[in-house]
Amino acid sequence: MESLLLQASIYLGAAVLVVPLAVRYGLGSVLGYIAAGILMAPVLRQIGADATDVQHIAEFGVVLMLFLIGLELEPKTLWAMRGKLVGMGGAQVLGTALLVAYALWAIGVIWPSAVVLGLLMSLSSTAIVLQSLSEKNLMRTAGGRSAFAVLLTQDIALIPILALVPLMALPAIQGPTALQFGVTNPVDALAEAEHSAGAAELISLVQSLPDWAAAALTLAIVVGIVLAGHYLSRPIFRYVHAASLPEMSTFISLLMVLGIAFLMMLVGLSPALGTFVAGVVLANSEFRHQLEADLRPFKGLLLGLFFMTVGVGINFDILLRAPFTVMGLTMGLMAIKAAVLLAIAFAFRLRGQDRWLFSLSLAQGGEFGFVIISFARSEGALSLANGQMALLVISLSMLLTPLLFIAYDRAARSLRAQRPKHTPDDITEQGAVIVAGIGRFGQVVNRLVRGSGLTTVVLDNDMATIEAMRNFGIKGFFGDPSRPELLEAAGLATAQVMVVAVDNRDVALSIVRFVRAKRSDIHIVARARDRVHVYELFQAGANDIVRETFDSSVRAGRYVLENMGFSEYEAAKASQTFARVDRAAMRDLAQLWVPGQPTHLNAPYVARARELERDIATALMEELHEVQVMQAENGAAEQPTYAGESLMPDMQEDEGEKRPQTEA
């Protein structure tokens, strides 16, 4: 027990120390976990701890991840991916395997071993790639979806690769167990399970079946998983939830995943593939979100442990003895895989950033390579030296994967910078109102103003948005609204109101400063992102400053009051009072705000904010008391009511932070 607690403390401590630093410096959590594993490897060796057992457990993080991904894919979505699964995935596995095998044969590796190494090197790291794509919100891009399709194909390809390995066996090679190499695979896990009598009987029974019976059992298990997920999941979950015990939901979720993983391993299939299929079957279930909530914490913890065990398992002794050979093989592998992927990206017409994301994200070796190396050694298809070198190359390529994503980020920025720039439109109209920015905020302002019979001139630097607006009959001019010449061409000299509705807070500030410097008499209405932005725009010279989410937030609060027993009239008056007092509070706090200093470190600001918060509470209670007295005097039958969007008739003014012109 003491040894287990010590190992757990080392793993958790290393993760807490290293991973946040890696994320802070933009390296990503995956590289942080691997680096933590590298750093704690000497400590584990010093205390005689073996990372193999931890890796056995941590590998279920990949299983859980595939299950959760399956929950997000409906069967029709998976069927729509069949072209990519067969075309892109098949081309990647076969193309990479052939090129790597030929390169190894050319440098002197015998052809059976070269074929085995080519096949295992064709696989990429499902855990690292999917984790990185999710962290960077790239899963829904064309490149991310294509990468996922290839990873799924590779997972399916693991089964025929394991079936092919014994055919490559070399009689002169004695096959030691996988534990000599510190790697794991499903076959080894089952072998260890044979130490228990029950597992031994079950495994021996399955292994003694004739080929046709084994195939029938495999098919029956797969079909059983699909049918059980479709027909039995709902009654089982209803039965469990009827107990009203939250932990039972977690138990059934884990039981489902672990049970399916064991059944798939029993018949020699990939547990990750089996749980993925189960996830797809349950994608339309009403219990899908509960499953995600129950399993996501386990997935994150186990994946982190898995990446750390990868770092622990890197054999730096071989790297120190032959650094140029190891690095040359690693870079050669990544170059071959990237070249094959780039060719596939061209063939399937991926463009721009998606092409580079697809090519770079899958250029490493994968965790299933460890499985094949172990199995190939036990079957005598791979020599000790080749197996150890392959382990190191795969581990180093996985270690370098986060750097590939950093390279993709730079390539994406470069591609965005190289996009053809449109020439600003010639502004041929002038109006009483200039609207800078026609996004989701500026569109509403422009529609209201033009619908009221006033003329506006719209400026925006997004050509796609301008063209989309033109399709709806809304005229706008393309150009950077922060450029002085465009504002002057739009009629700044004669305009009465300037609306600053751009997304970028710095651009908004520059526009307000320029317009105020040019015109002291023009009325400026500006969109603010948050309170600090309000203060900045206040000092820059804006008259009306509208926090973009303030009105909707107050309206949401009013709905909460209505559903907690307040009448519509009481909720409306409370909302109006809150908006009025908060607006006044913003004026007071703006006088105390110090540019560049975080508000929570500004002592006078914090003290005044606390006082104003108490003032708001007092004002609300007084307003509600007055409303209740009035209702008691007039009677419930004569109670004023509001309906629909008219509940707050003066919110157009209340949602702004009004500033008299004399305060400029």
Side-chain angles (χ1 to χ4, degrees), residues 69 73 76-106 114-115 117-126 128-130 132-133 136-161 164 273 276 330-366 368-369 394 397-398 400-401 403-416 418-420:
I69 290 173
L73 283 177
K76 62 180 181 181
T77 304
L78 188 61
W79 178 251
M81 294 172 59
R82 63 188 184 280
K84 291 182 178 180
L85 290 173
V86 177
M88 301 181 84
Q92 187 276 328
V93 172
L94 292 176
T96 303
L98 289 173
L99 286 177
V100 171
Y102 178 78
L104 292 174
W105 176 77
V115 170
L117 290 170
L119 289 170
L120 68 91
M121 293 297 182
S122 68
L123 306 181
S124 303
S125 175
T126 302
I128 292 179
V129 175
L130 293 185
S132 299
L133 290 176
K136 297 177 179 294
N137 295 318
L138 296 171
M139 276 295 292
R140 297 188 181 277
T141 63
R145 291 194 301 269
S146 299
F148 172 72
V150 171
L151 288 171
L152 188 55
T153 304
Q154 292 176 358
D155 207 26
I156 298 171
L158 177 63
I159 289 86
I161 291 175
L164 183 63
L273 178 61
F276 172 78
T330 303
M331 300 308 296
L333 169 66
M334 300 178 77
I336 290 175
K337 297 191 75 169
V340 171
L341 291 162
L342 186 60
I344 294 172
F346 275 104
F348 283 82
R349 299 181 181 178
L350 290 178
R351 302 181 183 279
Q353 299 173 210
D354 293 316
R355 179 185 299 160
W356 290 108
L357 175 62
F358 178 73
S359 303
L360 293 174
S361 64
L362 299 171
Q364 74 292 115
F368 287 128
I394 292 175
S397 68
M398 294 170 72
L400 294 174
T401 299
L403 302 181
L404 293 178
F405 278 95
I406 294 175
Y408 160 75
D409 290 335
R410 293 184 177 179
R413 286 195 296 268
S414 177
L415 288 172
R416 286 193 294 267
Q418 294 174 6
R419 287 176 181 172

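Heavy atoms only: backbone and side chains are in, while hydrogens, waters and symmetry mates are out. These figures come from a predicted structure and were not determined experimentally.
Closest non-hydrogen pair, Ser359 versus Ala363, comes out as O-CB, 3.9 Å. In terms of heavy-atom proximity, Val129 sits nearest to Phe405 at O-CZ, 4.3 Å. Shown here for Gly365 and Ser397, the closest heavy-atom pair between the two residues is N-OG, 2.9 Å. The shortest heavy-atom contact between Ala147 and Leu133 is CB-CD1, 4.3 Å. Of all non-hydrogen atoms in Leu138 and Thr141, the two that sit nearest each other are O-OG1, 2.7 Å. Tyr408 and Gln353 make their closest contact through CE1-O, 3.2 Å (heavy atoms, listed as atom of the first residue, atom of the second, distance).
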Q: Let me see the working for Lys337 and Ser124 under side-chain hydrogen bond (donor to acceptor under 3.5 Å, both in side chains), right down to the final yes or no.
A: CA-CA 9 Å; Lys337 297 191 75 169; Ser124 303; 3.1 Å; yes
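Between the side chain of Gln154 and the main chain of Gly89, no donor-acceptor pair closer than 3.5 Å is present. Proximity of a side-chain donor or acceptor of Ser122 to a complementary backbone N or O of Leu119 within less than 3.5 Å is detected.
To the nearest 0.5 Å, atom CZ of residue Arg410 and atom CD1 of residue Ile406 are 7.0 Å apart. Summarising the geometry, atom CG belonging to Leu104 is positioned 9.0 Å from atom CG belonging to Leu333; distances are rounded to the nearest 0.5 Å. Considering CE of Met88 and CZ of Phe358, their distance stands at 3.5 Å, rounded to 0.5 Å. Atom-to-atom distance recorded for Leu362:CG and Leu404:CG is 10.0 Å, nearest 0.5 angstrom. Rounded to the nearest 0.5 angstrom, Leu120 CG and Ile394 CD1 are separated by 5.0 Å. Atom-to-atom distance recorded for Leu357:CG and Asp409:CG is 9.0 Å, nearest 0.5 angstrom.
Residues satisfying the side chain to side chain contact (heavy atoms under 4.5 Å, CB included) criterion with Thr153, sequence neighbours excluded, are Leu85.
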Which atom pairs, donor and acceptor, lie under 3.5 Å between side-chain atoms of residues 338-351 and protein residues at least two apart or in another chain?
none

